[in-house]
Amino acid sequence: MKIKFLTVSCFRIVTDQEVRIIFDPYWHNYIPDNPPPGPTDHPPIAEAADIVAITHGHFNDSYLWAIKGVPRIYTGGAPFEIRDVKFNGIVSRHIGNNQCLNNIILFESGGIRCAHMGDFGQDRLVEEQLSQLGRVDILMTRWSDMPVILDQLKPKVVLPMKNARVDDYMRSLKGFTPMDKTSELEFTAKTLPLEMKVIMLKPALGAEEG
Amino acid sequence: MKGGIIRRTFFKRLLALSAFGTGSMLSYRKGKGDRIGRLSFARADAMENPDYAIGRFKNRITIDYYGLSCFVIRASNGTKIITDPFLAEGTSSMDPPKKGKVLYGELRKEPADVVTVSCGHYAHCNVYAVGGTPYIYKITEPTELCGIRFRGVSSRHLVMHEIAVLNPAENIIICFEVDGIKICHLGALGHPLSEDQLKQIGKVDILMVPVGGVSTLPVADASEVCSRINPAVILPMHYASDRCTYEWSGVDAFLEGKEHVLRCDSNIGSSQLEFMLNAKTKQLAMTSPGPALSPGMQVIVPRCVY
């Protein structure tokens, strides 16, 4: 399967049977009340998708107006299967405000299991969540409060998202692989690395870094 | 051939039964939409309305109004279509900018088969509130989803100045037909329709029109659009009320001058509207709540579900 990092928590995945999945599509025009420093212009996501997986209800992370075609959405709840992909949603706490929920969306295709943490707000995974997640090969997560999760899940590949910066902790990890030029990676069940690798992809739609 | 289909569905049904037996997949639905829920609904209604008891509930569609532009339309075979799900106040940690409040109850993960979205504004595009794995229809190409033909007519809506500008300010008018009844949802239309757009929309039985003004077309233009499309039933939507305090006008401004107005928005009675197409005369009839539809355009103001 091919994984492409588009921007802040938005990934585009194309599986072997040509199922296009987009996670957490980003609202390119959103300007929050306190804009973060730096450029915030992203071009719109002008891709077509078969499935759009939305992990949490932030309206700027679930903006699928820019996505072409007639996608189906998956927002957790019951497991869902299409062609060669199986989806599963695991409920977790959201960052900060405990009223709203966040779904960790786990999908499996071609023997590889990937999990997208969304806005995961717990400091460690509970046993029930761990048993539902099972084995995770590729993990897409924010890069803060992560050491515990990495120890619990022990994924083979970690793709940091949500404006992750390369910090000392990341550099200290053995498997840190900066990939400043690529946004897209291809995985098969056989080519997964044996040791954990942290790969910082370049956002394909990201703003130009100063 | 037929034996193969029966064997396949047998295993599917066995799986569904075992899912219910273990109780682990609480939100598992078999087939399309909430067929189980629909059966129990029909049985409850059989106690009240003898028409249901004698099996006259075929070819009926039901429409529920949830607020803003959100309608839930159920076809007679259980297919559910939700139009323009909105983001209600206080349901996410990132509430919309406080220019107005939307206090309608949220959809609470109502499962649907198709969700139609007319524009990209969070008050119309909050598909996270919908449960199940619905198709999202927001294009202009005619598509058949779950056995229902959808088509869209592109139009524009007025750009809202308070929030970040949506680019392009595109609005899709969605037309579809369930059980022979043609429904048209104008979304957040910002301008009167041109001849070309009217021709694309064609004949309409039930029209859902935004009447709030300010960010949608003015009330006078809304009335003119209704008279040009000439549907049998008009459902006004996207207006200000005690639960939606944007600076829009209320529904009364639109109801002024309309001949046949049926206000169902009191707290008595069901909030669900039920329609049926008379097979012989091919005319729309309303079965619940009574009375019969007047000839000419009938404006119905439904009550919000929550």
Side-chain angles (χ1 to χ4, degrees), chain A residues 22 24-25 27-33 35 40-41 43-45 48-82 87-89 91 93-103 118-119 121 132, chain B residues 19 24-30 85-88 90-98 106 109 111-139 141-146 150 152 163-172:
Chain A
I22 290 189
D24 280 1
W27 184 6
H28 57 283
N29 263 333
Y30 179 67
I31 301 169
D33 290 328
T40 50
D41 290 323
I45 302 171
D50 296 316
I51 308 274
V52 175
I54 300 175
T55 58
H56 59 285
H58 281 172
F59 56 85
N60 68 331
D61 281 329
S62 59
Y63 186 75
L64 38 68
W65 181 248
I67 295 179
K68 302 182 183 152
V70 182
R72 286 182 85 157
I73 61 164
Y74 181 69
T75 53
F80 173 59
E81 196 171 325
I82 180 172
F87 285 90
N88 207 343
V91 172
R93 282 238 173 101
H94 194 276
I95 327 170
N97 183 358
N98 284 332
Q99 291 289 326
C100 56
L101 292 174
N102 172 59
N103 291 297
D119 267 0
Q132 280 183 312
Chain B
S24 57
M25 298 202 256
L26 288 169
S27 57
Y28 185 79
R29 308 274 189 198
K30 77 169 163 93
F86 56 87
L87 181 69
T91 52
S92 79
S93 69
M94 187 185 262
D95 283 337
K98 302 271 189 289
E106 45 172 347
K109 289 290 186 183
D113 297 304
V114 181
V115 173
T116 69
V117 173
S118 58
C119 71
H121 188 231
Y122 51 74
H124 298 261
C125 185
N126 185 33
V127 294
Y128 185 72
V130 182
T133 53
Y135 288 95
I136 311 290
Y137 185 74
K138 49 173 179 52
I139 54 177
E141 280 90 40
T143 321
E144 180 155 342
L145 301 163
C146 304
F150 290 85
I163 59 167
V165 170
L166 300 168
N167 185 16
E170 206 182 332
N171 176 59
I172 311 275

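Below, read A as the first sequence line, B as the second, and so on, with proteins coming before strands; counting in each chain starts at 1. Only a predicted model underlies this, so the values are computations on that prediction, with no experimental measurement involved.
Counting only residues at least two apart or on different chains, the salt bridge (charged side-chain N to carboxylate O under 4.0 Å, His left out) pairs with a member in residues 49-60 of chain A are A:Arg20-A:Asp50, A:Asp50-A:Arg83.
Looking at B:Ile136, the atoms closer than 4.5 Å to chain A (heavy atoms on both sides) sit in the backbone and in the side chain alike. At a 4.5 Å heavy-atom cutoff, B:Val115 makes no contact with chain A through either its backbone or its side chain. Only the backbone of B:Ser118 comes within less than 4.5 Å of a heavy atom of chain A; no side-chain atom from C-beta onward does. Heavy atoms closer than 4.5 Å to chain B are found nowhere in A:Ile82, neither backbone nor side chain.
The side chain to side chain donor-acceptor pair (under 3.5 Å) check on A:Tyr74 picks up nothing, with sequence neighbours excluded.
Considering only heavy atoms from C-beta on, A:Ile54 comes within 4.5 Å of B:Val127 through its side chain. Between B:Lys109 and A:Thr75 there is a side-chain heavy-atom pair separated by less than 4.5 Å.
Between the B:Lys138 side chain and the A:Ile67 main chain, a donor and an acceptor come within less than 3.5 Å of each other.
Heavy atoms only, all atoms of each residue included: A:Thr55 and B:Tyr128 are closest at O-OH, 3.6 Å. Closest of all the heavy-atom pairs between B:Val117 and A:Trp65 is O-CZ3, 3.7 Å.
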